[in-house]
Amino acid sequence: QVRLVESGGGLVPPGGSLRLSCVVSVIDFSLHRMGWYRQAPGQQRDLVGTISRSGTIRYNDSVKGRFTISRDNAKSSVYLQMNSLTPEDTAVYYCQALCQNYLCRLGHEYWGQGTQVNVSA
């Protein structure tokens, strides 16, 4: 089965930085669109950013200019560099893989367990 494992969460002060990582245990990682989503207590899960197979990147307006998503196909990993963090960024961050090819179950989504990010003084 496809497994996604997030890491890098923790407690940081406002204005600080954090880098999240997600390792995917599949050989066809390059066939997936990767994404980061987040969910605060009592709120819905919202998109943070995605990076396609071709490298096209999209961000939520709330993180533009502060967060950077990237991927390393050789390591089957996706990363989220978070700078200038604010308390509003506090949430559980989830890694998502979306298959974009019939060889990897086209259209199917896979989710990690999430990693907690707390931004507080």
Side-chain angles (χ1 to χ4, degrees):
Q1 295 292 323
V2 175
R3 302 179 73 92
L4 293 75
V5 181
E6 302 102 331
S7 63
L11 176 63
V12 295
S17 298
L18 210 58
R19 187 174 190 251
L20 306 183
S21 299
C22 175
V23 180
V24 185
S25 61
V26 291
I27 194 66
D28 52 4
F29 175 83
S30 64
L31 302 182
H32 293 77
R33 186 196 74 182
M34 299 302 302
W36 286 98
Y37 293 73
R38 65 185 182 184
Q39 185 171 21
Q43 301 184 22
Q44 66 182 154
R45 185 175 298 186
D46 292 328
L47 181 146
V48 176
T50 61
I51 180 168
S52 73
R53 296 174 59 195
S54 62
T56 300
I57 296 174
R58 296 185 180 275
Y59 294 109
N60 187 297
D61 286 342
S62 65
V63 306
K64 287 182 179 178
R66 300 188 299 119
F67 291 10
T68 302
I69 190 171
S70 61
R71 66 189 295 161
D72 186 337
N73 289 341
K75 296 181 178 180
S76 296
S77 299
V78 63
Y79 309 96
L80 184 68
Q81 178 66 47
M82 304 184 294
N83 299 325
S84 301
L85 287 164
T86 74
E88 288 69 41
D89 296 316
T90 295
V92 177
Y93 285 70
Y94 297 91
C95 180
Q96 180 222 43
L98 174 65
C99 175
Q100 292 282 273
N101 190 282
Y102 72 94
L103 293 173
C104 59
R105 197 176 176 185
L106 178 66
H108 199 272
E109 294 181 347
Y110 304 90
W111 293 90
Q113 294 181 340
T115 184
Q116 179 72 51
V117 173
N118 288 311
V119 185
S120 175

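The chain is numbered in sequence order, starting from 1. All values below come from the heavy atoms of this structure, side chains included, with hydrogens, waters and symmetry mates left out.
Counting all heavy atoms, side chain and backbone alike, G49 lies closest to L47 at N-CD2, 3.5 Å. Contact between K64 and Y59 at its shortest, heavy atoms only, is CE-O, 3.6 Å. In plain terms, the two heavy atoms of S62 and R66 that are nearest each other are O-NH2, 2.9 Å. Of all heavy-atom pairs spanning I51 and R71, the tightest one is O-NH1, 3.3 Å.
Taking the six-membered ring where the residue is Trp, the centroids of W36 and F67 are separated by 6.0 Å or more.
Here OH of Y93 is found 12.0 Å from CD of Q39. Values are rounded to the nearest 0.5 Å. Y110 contributes atom OH, which lies 6.5 Å from atom SG of C99 (distance to the nearest 0.5 angstrom).
Both V63 and I57 are members of a single hydrophobic cluster when ILVMFWY side chains are connected at heavy-atom separations under 4.5 Å. Y37 and V119 sit in two unconnected hydrophobic clusters of ILVMFWY residues. Membership requires side-chain heavy atoms under 4.5 Å apart, directly or through other members.
Here the side chain of T90 pairs no donor or acceptor atom with the backbone of N118 at under 3.5 angstrom. Checked by atom type and distance alone, the side chain of Q113 never pairs as donor or acceptor with a backbone atom of E6 at under 3.5 Å.
Annotation: side-chain hydrogen bond (donor to acceptor under 3.5 Å, both in side chains) contacts of R105 (sequence neighbours excluded): H108. S7 pairs by the side-chain hydrogen bond (donor to acceptor under 3.5 Å, both in side chains) definition with nothing, not counting sequence neighbours.
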Which pairs would a plain distance check flag for residues 10-35, meaning a side-chain donor or acceptor within less than 3.5 Å of a matching protein atom at least two apart in sequence or in another chain?
| from | atom 1 | to | atom 2 | distance (Å) |
| --- | --- | --- | --- | --- |
| S17 | OG | N83 | OD1 | 2.9 |
| S25 | OG | R3 | N | 3.1 |
| S25 | OG | R3 | O | 3.3 |
| H32 | ND1 | D28 | O | 3.1 |

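Cation-pi geometry between R45 and Y94 is satisfied (NZ or CZ under 6.0 Å from the ring centre, within 45° of the ring normal).
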query = Passes side-chain contact (heavy atoms from CB on, under 4.5 Å), M82 versus V117? Steps please.
reply = CA-CA 10 Å; M82 304 184 294; V117 173; 4.0 Å; yes
Kindly determine whether L80 and T68 satisfy side-chain contact (heavy atoms from CB on, under 4.5 Å), including the steps that lead there.
CA-CA 6 Å; L80 184 68; T68 302; over 6 Å; no
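Put simply, the side chain of Q96 does not reach to within 4.5 Å of the side chain of V78, judged on heavy atoms.
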